[in-house]
There are 2 protein chains.
Amino acid sequence: MRRYGAFLIAQMHQVSGRIFSRMLKNHDIETISPAQGRILFALWSSDDIPIHELAEKTSLKKTTLTTMLDALQASGHIIRVPSGADRRKIHIRLTDKDKQLRETYSQVSAAMASLCYEGFSEEEIELFEGSLKKILANLKRFESGKDAPARSRRGKTQ
Amino acid sequence: MRRYGAFLIAQMHQVSGRIFSRMLKNHDIETISPAQGRILFALWSSDDIPIHELAEKTSLKKTTLTTMLDALQASGHIIRVPSGADRRKIHIRLTDKDKQLRETYSQVSAAMASLCYEGFSEEEIELFEGSLKKILANLKRFESGKDAPARSRRGKTQ
DNA sequence: TCAGGATAGTACTAATTAGTACTAATGATA
DNA sequence: TATCATTAGTACTAATTAGTACTATCCTGA
């Protein structure tokens, strides 16, 4: 039985990224790209967190985030705040700047969603997103734990 | 009702890409990356096609393919053949080189699939992949036709 | 208390992807 | 049949992402 999962997902990611990017432009959001949007989106639900935690939430590697956060900081959307307790840690904090952004971004997200789910019943959507979450959990568990059968179990983060 | 679809899909793409890439390495496929693999995968089901058709099948833009095909040609996996009929067209044709590759690649794909779908019933998988295809179709229809309500309808390809 | 390992973050490089702008060839129509 | 839009493909640039290698800090146990 041949499965196409990863192949289809890669395609969806590409196409939806292109569309989303164009939609943002049409809403005069020139400053934010889809990739940056995803990072802000994660911050909107839990602000003021260290980078490695943001990496966990976005499934991006911390090296990726360093670059992206540089850009978001330069455009004034976030600031880096040293965490008093642990001097290695730096907290990422949203600024006032994206208060307006947030509203528009939600609208575009909603438009994206209704485009994706055209012809779906509520139930189908629930099922589908449930499966997505399950798969993502499978993948993350594998990646972090390496799903090692019994050996070592040191849980290397990177 | 808030939907997470695109956010989840982006994450899946990232994580699965990292895992897939590592799996390929573990199977001593150093020459082929996941992205190149997806292109070859598309060719395996329909060889000897022009670039714009390959773009359709992979959901990649033709500019992307130009670059990727350069690499695949350099490593000897494909050749570019002028299409006699229309002198603008160039057909992409597989070489003998990936006869062996194909076997290993299928194994890795299968491993990926069973990892993704761990804990799924056959029925759930069918449903899920069905939904994926439906969403992808929605997105592609929108992107190519621009889903324009009634106006012009010129169907710009790019 | 201090030595070794783990953790937080960054710099640098490379791969993947798309957009803009181009050339060459084809087709449609006036 | 001359013109003009369309189509096929490419060059160049820029954004996103991750890997490797590094520094600084923290924690643990001998």
Side-chain angles (χ1 to χ4, degrees), chain A residues 10-11 13-22 24-25 30-39 49-56 58-75 80-92 143 152 154-158, chain B residues 10-11 13-22 24-25 30-39 49-56 58-75 80-92 143 152 154-158:
Chain A
Q11 290 187 62
H13 179 65
Q14 281 145 14
V15 182
S16 67
R18 293 195 296 259
I19 295 178
F20 198 58
S21 166
R22 193 170 311 173
L24 286 176
K25 269 188 197 161
E30 301 284 353
T31 30
I32 289 298
S33 66
Q36 293 177 343
R38 279 196 294 275
I39 293 172
I49 54 174
I51 294 185
H52 71 275
E53 203 171 312
L54 189 54
E56 172 63 25
T58 55
S59 300
L60 294 167
K61 287 294 179 187
K62 54 185 186 166
T63 49
T64 304
L65 282 174
T66 296
T67 316
M68 300 297 290
L69 292 174
D70 285 348
L72 285 169
Q73 186 167 26
S75 59
R80 283 173 159 103
V81 185
S83 158
D86 186 336
R87 281 187 311 175
R88 292 169 304 177
K89 285 190 188 167
I90 291 177
H91 281 221
I92 302 302
E143 192 182 37
S152 77
R154 287 319 193 80
K156 301 182 71 169
T157 309
Q158 160 118 316
Chain B
Q11 290 186 62
H13 178 66
Q14 282 145 14
V15 182
S16 66
R18 293 195 296 259
I19 295 177
F20 199 58
S21 165
R22 192 170 311 172
L24 285 176
K25 269 189 198 161
E30 301 285 352
T31 28
I32 290 297
S33 65
Q36 294 176 343
R38 280 195 294 274
I39 293 172
I49 55 175
I51 292 186
H52 71 275
E53 202 170 312
L54 189 54
E56 172 64 25
T58 55
S59 300
L60 294 168
K61 288 292 179 188
K62 53 185 186 165
T63 49
T64 304
L65 282 175
T66 296
T67 316
M68 298 298 290
L69 293 173
D70 285 348
L72 285 169
Q73 185 167 25
S75 59
R80 283 173 160 103
V81 185
S83 156
D86 186 338
R87 280 187 310 174
R88 293 169 303 179
K89 285 190 189 168
I90 291 175
H91 280 221
I92 302 303
E143 192 182 37
S152 77
R154 287 317 194 81
K156 303 182 69 170
T157 309
Q158 160 118 318

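Each chain gets a letter, A, B and so on, in the order the sequences are listed, and its residues count up from 1. Atom set for the values below is all heavy atoms of this structure, side chains included, hydrogens, waters and symmetry mates excluded.
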Inset, instruction - Measure the shortest side-chain to side-chain distance between B/Ile39 and B/Leu60 over non-hydrogen atoms and say whether it is less than 4.5 angstrom. - result: yes
Inset, instruction - Could you check how far CD of B/Gln73 sits from P of D/dG9, rounded to whole Å? - result: 13 Å
Legend entry - Contact check, side chains of A/Ile90 and A/Pro82, non-hydrogen atoms, under 4.5 Å: no
Inset, instruction - Send over the distance from A/Lys62 NZ to D/dA18 C1', rounded to a whole Å. - result: 12 Å
Legend entry - Straight-line distance of A/Gln14 CD to A/Arg18 CZ, nearest 0.5 Å: 6.5 Å
Inset, instruction - Could you check how far CZ of B/Arg22 sits from P of D/dA18, rounded to whole Å? - result: 11 Å
Legend entry - Whole-Å gap separating C1' (D/dG9) and CD (B/Glu53): 15 Å
Report, one pair per line, the protein and nucleotides 25-27 of chain D atoms (nitrogen or oxygen only) whose separation is under 3.5 Å.
{"unit_1": "D/dT25", "atom_1": "O2", "unit_2": "A/Arg88", "atom_2": "NH1", "d": "3.2"}
{"unit_1": "D/dC26", "atom_1": "OP1", "unit_2": "A/Arg87", "atom_2": "N", "d": "2.9"}
{"unit_1": "D/dC26", "atom_1": "OP2", "unit_2": "A/Arg87", "atom_2": "NH2", "d": "3.4"}

Legend entry - Euclidean distance, atom CD1 of residue B/Ile49 to atom C1' of D/dG9 [Å, nearest integer]: 15 Å
Inset, instruction - Compare every heavy atom of B/Ala55 with every heavy atom of B/Lys61, then report the nearest pair and how far apart it is. - result: C-CB, 4.5 Å
Name the pairs: protein N/O against N/O of nucleotides 15-17 of chain C, kept only if under 3.5 Å.
{"unit_1": "C/dT16", "atom_1": "OP1", "unit_2": "B/Ser33", "atom_2": "OG", "d": "2.2"}
{"unit_1": "C/dT17", "atom_1": "OP1", "unit_2": "A/Gln14", "atom_2": "NE2", "d": "3.1"}
{"unit_1": "C/dT17", "atom_1": "OP1", "unit_2": "B/Arg38", "atom_2": "NH2", "d": "3.0"}

Inset, instruction - Let me know the distance between NE2 of B/His91 and C1' of D/dA8, rounded to the nearest Å. - result: 11 Å
Legend entry - Atom-pair distance (CG on B/Asp70; C1' on D/dT10), nearest Å: 9 Å
Legend entry - Contacts of type side-chain contact (heavy atoms from CB on, under 4.5 Å), residue A/Ala35, not counting sequence neighbours: A/Ser33, A/Arg38, A/Met68
Inset, instruction - Answer whether the closest heavy-atom distance between the side chains of A/Leu54 and A/Leu69 falls below 4.5 Å. - result: yes
Inset, instruction - For A/His52 and C/dA6, give me the distance from atom NE2 to atom P, rounded to whole Å. - result: 17 Å
Legend entry - Side chain to side chain, B/Pro50 and B/Ile92, heavy atoms closer than 4.5 Å: no
Inset, instruction - Could you tell me whether the side chain of B/Thr66 and the main chain of B/Lys62 form a donor-acceptor pair under 3.5 Å? - result: yes
Inset, instruction - On DNA chain C, check which nucleotide each of A/Lys25 and A/Leu69 is closest to and give me the residue with the more 5' one. - result: A/Leu69
Inset, instruction - Please tell me if the side chains of B/His91 and B/Arg80 come closer than 4.5 Å, counting only heavy atoms from C-beta onward. - result: no
